[in-house]
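What follows is a set of notes on a single structure, which appears directly below.
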Amino acid sequence: MDFQPDAGLDAFRDEVREFLRKNLPSDLAGKPVGSVRSMRPDLVRWQQILNRKGWGAPYWAKADGGAGWTVLQRLVFDEECVAAGAPTHDGFAQKLLGPVLNEFASAEQKAAHVPHILDGSRLWCQGFSEPGSGSDLASLRTRAERDGDFYVVNGQKTWTSYAHESDWIFLLVRTDTEVKRQAGISFLLVDLKTPGITVRPIRSIDDCHHLNETFFDNVRVPVANRIGAEGDGWKITKFLLNNEHASAADLPILRRGLTLARKLASTQRAGREPLIAQTEFALRLARLEAELHAIAMMVQRVAAMESDHSPAAHAMGSMLKVRGTELQQRISELTVEALGDDGAVAYPEPHDACLDEPMPRQDIGRGVANEMFFRRASTIYGGSSEVQRGIIAKMLFQL
Ligand SMILES: Cc1cc2nc3c(=O)[nH]c(=O)nc-3n(C[C@H](O)[C@H](O)[C@H](O)COP(=O)(O)OP(=O)(O)OC[C@H]3O[C@@H](n4cnc5c(N)ncnc54)[C@H](O)[C@@H]3O)c2cc1C
């Protein structure tokens, strides 16, 4: 692969920067994102702005209504959005469900959902994990039994990120208990307003509400909301989970974290000197920077393998997930340390705070400890590090 500067990509970067400069409202820029996703009103407003520009689906092909960008352009877009402090998008709709609809849905299903993803009027969440079925997803037990033109769904999902702020959920259900377990799974789209659905919050260690338990009690879902054939759920899930290897390391999050660590290292004082003057701290920061550069190179390699579906390409995606998420954790730990005593305080996010007065040092400390706590989960969600290592061993060494 070619690591030389790419003039076309530089011009694209300039175009994205210019767009952000002109179109990112100042009251949205730099607003705390929470660890995963912006607050719904901010996310929807930003999605509408992107959609007006024709960038409502940055990761999809043009034929599917997307921006039609290459993987490298998508990475540049993400990087510039994070650098400018733009709100996040609905990753569940954009990166997971969208490609599934484009690949497997009927024309009617696409017409029913794609326009709402583009204009931000329908936010999505992912209903895969269950108590007892996380890494071993094929063991899931939520049942969908056929009753005429409907499925009747009963069971429980857990860790459902943003179910409380979403309109619809894409759901894995068991439609057949008599066949091999993978063959008995189907993929349904469910309106969260359907009677019988209860969403209950799980408060996480960062003191935020991202997560939920979602209960289904005799929920009637039209058969027309099934994607693919009955029993295709596992095939669709494999497609969904294998998408976008290059973004597995979440490079923009790493860059954002390291920028903050660097800023604190030069503004915080250790005795009379700035923290960065301490050799030991400077060395640790430099090591993290070197690792980030190594990951960035690896991302370029994986991006160059975009249409390569070989086991090696698959394994590279898993390597990026492991390396990227472990680095996220170490950067967030160093950032907390850089704050000294103030790092020990989990300053509330503004939307979660019930404080009349800002807390002392909230200017620099806000969200830092919360982020460090939340990053414990990075090596679990989206496939734990242990499971990723298993995939690498299987793909590369046939173990
Ligand atoms: C913050 C967060 C957000 C999430 N959001 C969503 C969401 O929106 N929707 C959704 O469906 N799910 C979501 N999840 C669930 C997530 O996908 C699961 O937590 C994850 O797949 C692990 O499953 P588990 O928690 O059941 O752990 P388990 O699978 O029970 O694993 C327990 C431990 O055993 C290890 N282990 C398991 N299998 C193996 C193996 N084969 N080899 C070696 N070690 C193994 C794991 O690494 C882990 O350390 C989220 C999780 C978190 C933490």
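Read the numbers this way: they start at 1 and go in the same order the structure lists the ligands and their atoms.
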For [atom], is some protein heavy-atom partner under 4.0 Å away?
| atom | answer |
| --- | --- |
| atom 19 (O) of ligand 1 | yes |
| atom 51 (C) of ligand 1 | yes |
| atom 43 (C) of ligand 1 | yes |
| atom 35 (C) of ligand 1 | no |
| atom 38 (N) of ligand 1 | yes |

### Task
Please determine which of Leu171, Thr214, Leu192 meets the side chain to side chain contact (heavy atoms under 4.5 Å, CB included) test together with Thr160.
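Going through the options one by one, the only one that passes is Thr214.
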Can you pull out the closest protein heavy atom to [atom]? Residue, atom name and distance to 0.1 Å, please.
| atom | value |
| --- | --- |
| atom 40 (C) of ligand 1 | Val387 CG2, 4.2 Å |
| atom 8 (O) of ligand 1 | Ser161 N, 3.0 Å |
| atom 53 (C) of ligand 1 | Ala377 CB, 3.8 Å |
| atom 11 (O) of ligand 1 | Ser129 N, 2.8 Å |
| atom 6 (C) of ligand 1 | Trp159 O, 2.7 Å |

### Donor-acceptor side-chain pairing of Ser186 and Thr175 below 3.5 angstrom
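There is such a pair (donor and acceptor under 3.5 Å, judged by atom type) between the side chains of Ser186 and Thr175.
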### Query
Should you measure from each heavy atom of Phe92, which atoms of ligand 1 turn up under 4.0 Å away?
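Near Phe92, meaning under 4.0 Å from one of its heavy atoms, ligand 1 has 8 (O).
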### Task
Output the list of atoms in ligand 1 that are nearer than 4.0 Å to some heavy atom of Phe128, sorted by atom number.
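Every atom of ligand 1 under 4.0 Å from some heavy atom of Phe128: 11 (O).
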### Task
Assess the pair His113 and Trp168: is the distance between their ring centroids shorter than 6.0 Å?
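For His113 and Trp168, the ring centres are under 6.0 Å apart.
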### Task
State yes or no: are the ring centers of Trp69 and Trp55 separated by less than 6.0 Å?
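That pair passes the under 6.0 Å test.
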### Message
As a quick check of understanding, evaluate salt bridge (Lys or Arg N to Asp or Glu O under 4.0 Å) for Arg255 and Asp78, giving each step before the final call.
### Response
CA-CA 11 Å; Arg255 292 218 162 97; Asp78 282 349; over 6 Å; no
#### Entry: Proximal candidate to atom 49 (O) of ligand 1 [heavy atom criterion; set Lys157, Glu386, Arg389]
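The nearest heavy atom belongs to Glu386.
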### Query
Heavy atoms only: which of Ser135, Gly91, Gly134 is nearest to atom 28 (P) of ligand 1?
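Ranked by closest heavy atom to atom 28 (P) of ligand 1, first place is Ser135.
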[X] N/O under 3.5 Å from ligand 1 N/O:
| X | result |
| --- | --- |
| Tyr381 | no |
| Gln126 | yes |
| Asp136 | no |
| Ser133 | no |
| Gly127 | no |

Between [Y] and [X], is there a cation-pi geometry (under 6.0 Å to ring centre, at most 45° from the normal)?
| X | Y | answer |
| --- | --- | --- |
| Arg74 | Tyr59 | no |
| Lys321 | Tyr381 | yes |
| Arg226 | Tyr151 | no |

### Query
Distance from Arg143 atom CZ to Asn154 atom CG, nearest 0.5 Å?
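One gets 9.5 Å once the value is rounded to the nearest 0.5 Å.
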### Query
Which bit of Ser384 is near ligand 1, meaning a heavy atom under 4.0 Å away: side chain, backbone, both or neither?
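Within the 4.0 Å criterion, Ser384 contacts ligand 1 through side-chain atoms alone.
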### Leu211, portion touching ligand 1 at heavy-atom distance under 4.0 Å
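Only the side chain of Leu211 comes within reach of ligand 1.
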### Message
Quick check against the 3.5 Å criterion: does Trp234 have a side-chain atom that pairs as donor or acceptor with the backbone of Gly184?
### Response
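No: the side chain of Trp234 does not pair with the backbone of Gly184.
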### Message
Using only atom types and a distance under 3.5 Å, with no angle test, would you say the side chain of Asn225 pairs donor to acceptor with the backbone of Leu189?
### Response
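Judged by distance alone, yes, a pair lies under 3.5 Å.
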### Message
Please evaluate residues Phe104 and Phe239 with respect to the criterion ring-ring contact (aromatic ring centres under 6.0 Å, His included), reporting the C-alpha separation (whole Å), side-chain torsions for both, the decisive distance (0.1 Å), and the verdict.
### Response
CA-CA 10 Å; Phe104 299 100; Phe239 169 87; 5.2 Å; yes
### contact_flag Tyr162 ligand 1 heavy-atom lt 4.0 Å
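Judged by the 4.0 Å heavy-atom criterion, Tyr162 does not count as contacting ligand 1.
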N/O donor to acceptor pairs below 3.5 angstrom from side-chain atoms of residues 272-284, sequence neighbours left out:
from	atom 1	to	atom 2	distance (Å)
Arg284	NH1	Glu337	OE1	3.0
Arg284	NH2	Glu337	OE2	2.9

